[in-house]
Structure formats: C-alpha cells, structure tokens
Amino acid sequence: SFQRLKWNQATQASRQTGSVIKPFIYTAALENGFSPARIIVDEPTKFQDKWADKPYEPGNYDQKYKGAVTLRTGLEESRNIITTKVLEYISPQTGVDYVRKFGITAPIYPYLSLALGSFEIKLMEMVSAFTTFPNRGVRMHPYFITRIEDRDGNILEETLIERDEVISPQTAFMMASLMQGVIRRGTSTLAAPLLKYKDLAGKTGTTDEHSDAWFIGYSPSLCAGVWVGHEKEIRTIGDRQSGAVAALPIWMDFFQQIIDQEVKTAEENGEEYAREEFGDPPPNLSFVHIDRKTGLLPSNICLPQYIIEEVFLPGTEPTRHCTYED
C-alpha cells in the first residue's frame with residue numbers, strides 16, 4: 001500500500017541475494033571450460049581470499065558435505081562450497097564481469113563471498129537478469145508503462161522494448177536445463193507438481209540469519225521473482241525460513257493462478273490445454289545419458305534412477321563408463 005509505505009521494495013530496495021546469484025556464476029563456469037558433469041569435491045574448505053586479503057571459510061546451508069558431486073548437483077542442491085570453488089577457479093573478477101553482463105548495476109566487488117550472494121541487489125534487476133535464460137540469452141529491460149493514449153486513441157507516448165544479447169543460446173539452454181533440475185530434484189521440489197502444466201526452472205536464495213528469502217523462477221513465457229524480508233531493517237524472518245519455505249510458495253501461488261486461468265480459457269474454447277515447453281534446443285549442443293552421481297557414462301552397475309540425459313557443448317562429454325571405484 002502506497003498509503004502505508006512510500007518505499008517500493010521491488011524497485012528501490014537493495015538486499016543481499018543469497019544463492020539466487022549462483023546461476024550467474026555457473027553461467028560463467030560453463031563458458032570457461034566447465035561442463036554440467038564436471039566433478040568437484042564438496043568438503044569443508046578454508047579459502048584464502050586474496051582479493052579481500054583474509055581467509056574465507058563458508059559452510060553449506062545444511063552444514064553437511066557430500067564429497068565428489070557434479071556441477072549440476074552443486075547448483076540443484078545449492079552447495080556453497082561447490083560454488084565458491086567454481087568462483088575461485090574462474091576468478092572472482094570474472095564472476096563480477098558476468099554479473100555485470102546480466103545487467104546488475106549495484107556495487108559488486110571481486111570477493112569470494114560473491115558466490116554466496118553477499119552483495120545487495122534490487123529485486124527488479126534480478127528478475128530482469130533471469131529473463132536471459134528463457135529468452136535464449138537475451139535479457140529484457142523492465143518497464144511499467146506500455147503506452148499512453150488520449151481519449152481518441154492517439155498514442156502520446158510509447159515504450160520501446162529494450163533488450164541485450166548477454167550469452168549464447170547454447171549457454172542459456174544449458175542453464176535452463178540446470179535450473180529445471182532445481183525444481184525436479186533440488187531445493188525447489190515443492191513446485192514439481194506444476195511441471196505437469198509448464199516447463200519451469202528457477203533458483204532459491206537465503207541469506208544469513210534468514211533475514212532474506214528469495215525465489216526467482218520462469219516458464220518459457222514468464223519470469224517472476226519473490227523476496228521476503230522486513231521492510232525497514234535486516235533481521236530474521238523466522239527460524240529456517242529459507243527461500244524454499246518462505247518465498248517459493250508465494251511464487252507457486254502466483255503461477256498456479258495463471259495456470260488455472262489458462263486451463264479455464266482452453267476449456268471455454270473447447271480446446272485441450274497445451275503444456276508450455278521451452279522448445280527445441282539450439283544447434284551445436286550434444287545430449288548424452290550419464291550417471292548423475294559420477295558424471296560418467298552409465299554402466300550396468302549404475303542405478304536407473306540416477307541416469308539422466310545431460311546437455312553438453314560438443315567435445316565436453318564424458319568419454320568413459322563409471323566403475324565401482326567411481
């Protein structure tokens with residue numbers, strides 16, 4: 001309510017993003033030699049942040065460590081150690097450069113804590129940045145007013161839609177695939193029932209002391225973001241109130257209403273509801289079935305529930321089958 005508060009949290013407030021920043025880091029990783037099947041060890045790690053000139057020792061949200069996991073699992077389960085290792089490898093400055101490519105204008109510095117979303121960014125900028133993924137690498141600039149007409153229908157003012165080419169269609173498709181996994185298997189499985197109606201992808205985010213909870217997600221035609229927190233101060237919103245607990249259900253309710261309306265419209269027109277999909281992949285991508293636990297080609301010792309079709313840039317696919325040792 002504008003009468004209650006003149007400050008617009010969606011467009012004016014800058015808040016720590018938590019893990020919703022991670023897709024930008026993983027995008028940089030895919031364009032700097034990583035594949036979704038790359039194995040990284042999730043273990044307690046003390047980093048020496050030479051950019052901040054002090055040790056940095058992050059922990060995972062659940063305070064557990066899973067050993068050797070794939071890059072995909074690192075994003076799906078939002079493993080902080082994995083993201084920090086990735087950022088250290090590609091360099092924090094590269095991470096900053098990619099965040100900037102996605103249209104983020106907030107002050108950001110090349111510290112390892114960037115991997116965990118320690119910097120403050122506006123919700124509107126984050127949602128605009130996420131539009132890059134369903135739009136095959138093109139970011140849409142947000143706007144509020146489409147056009148202004150006089151009483152006779154003459155256009156007095158009209159917004160020209162602006163867009164930026166940020167990443168390749170191939171990288172955008174791969175990231176959409178990774179973030180679909182967040183909903184299918186990762187931190188956002190609460191939204192999995194909605195997959196019956198639409199292809200969906202997204203990312204949760206939670207900051208220290210549960211003071212900010214985020215979820216930004218998208219279908220092929222709509223991107224929406226939710227932030228939950230206190231409007232005038234940074235303090236906890238409640239014990240264990242993570243992005244999956246506090247923000248994701250709001251996003252789900254929003255999308256469910258859209259789905260219900262689309263289903264109703266189809267029924268009124270005597271049509272069958274058509275499930276919305278991301279569409280055919282762009283050229284120059286390779287699809288290979290792998291064991292998602294090891295990132296290798298499956299052998300007869302792999303459990304069927306862990307075999308998935310993974311997407312690769314040609315030449316980065318695994319070349320051998322997994323063994324008992326793996």
Exercise for the section: Report the C-alpha distance between Phe312 and Phe287 in whole Å, list the side-chain angles of each, state the deciding distance to 0.1 Å, and finish with yes or no for ring-ring contact (aromatic ring centres under 6.0 Å, His included). Expected result: CA-CA 6 Å; Phe312 297 90; Phe287 293 85; 9.0 Å; no

For [X] and [Y], which I'm curious about, is there any donor-acceptor pair between the side chains at under 3.5 Å?
X	Y	result
Lys203	Ser78	yes
Thr187	Glu77	no
Thr131	Ser128	no
His141	Asp164	yes
Asp326	Thr323	yes
Asn80	Lys85	no
Tyr98	Glu31	yes
Glu317	Ser286	yes

Please check this pair: side chain of [X] against backbone of [Y], looking for a donor-acceptor N/O pair closer than 3.5 Å.
X	Y	value
Gln63	Asn60	yes
Asp291	Gly295	no
Arg275	Leu195	yes
Ser219	Leu200	no
Asp152	Asn154	no
Asp42	Tyr65	no
Gln16	Ser118	yes
Asp49	Pro55	no

Handout entry: Worked verdict on Leu156 versus Glu149 for side chain to side chain contact (heavy atoms under 4.5 Å, CB included)
Key = CA-CA 5 Å; Leu156 304 179; Glu149 299 178 355; 5.9 Å; no

Exercise for the section: Name the orientation class of the two ring planes belonging to Phe133 and Phe24 (parallel below 30°, tilted from 30 to 60°, perpendicular beyond 60°). Expected result: parallel

Practice task
For Glu262, enumerate each residue passing the salt bridge (charged side-chain N to carboxylate O under 4.0 Å, His left out) test, keeping only those at least two apart in sequence or located in another chain.
Solution key: Lys198

Exercise for the section: Flag this pair as yes if the NZ/CZ of Lys6 is under 6.0 angstrom from the six-membered ring centre of Phe2 and inside a 45 degree cone about the axis; otherwise no. Expected result: yes

Practice task
State yes or no: are the ring centers of Trp251 and Phe215 separated by less than 6.0 Å?
Solution key: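 Yes - the distance between ring centres of Trp251 and Phe215 falls below the 6.0 Å cut-off.
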
Problem - Aromatic contact, Phe102 with Phe130 (centres under 6.0 Å) - result: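 Phe102 vs Phe130: aromatic centres not under 6.0 Å.
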
Exercise for the section: Using a strict cut-off of less than 4.0 Å between a Lys/Arg side-chain nitrogen and an Asp/Glu carboxylate oxygen, indicate whether Arg72 and Glu310 qualify as a salt bridge. Expected result: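 Salt bridge flag = yes for Glu310 with Arg72.
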
Practice task
State whether Glu76 and Arg185 are salt-bridged, where the test is any N-O pair (Lys NZ or Arg NE/NH1/NH2 against Asp/Glu carboxylate O) under 4.0 Å.
Solution key: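 Looking at Arg185 together with Glu76, the answer is yes, because their closest N to O distance falls below 4.0 Å.
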
Exercise for the section: Kindly compute the distance separating CG (Leu71) from CZ (Arg79), expressed to the nearest 0.5 Å. Expected result: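 Atom-to-atom, Leu71:CG and Arg79:CZ are 14.0 Å apart.
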
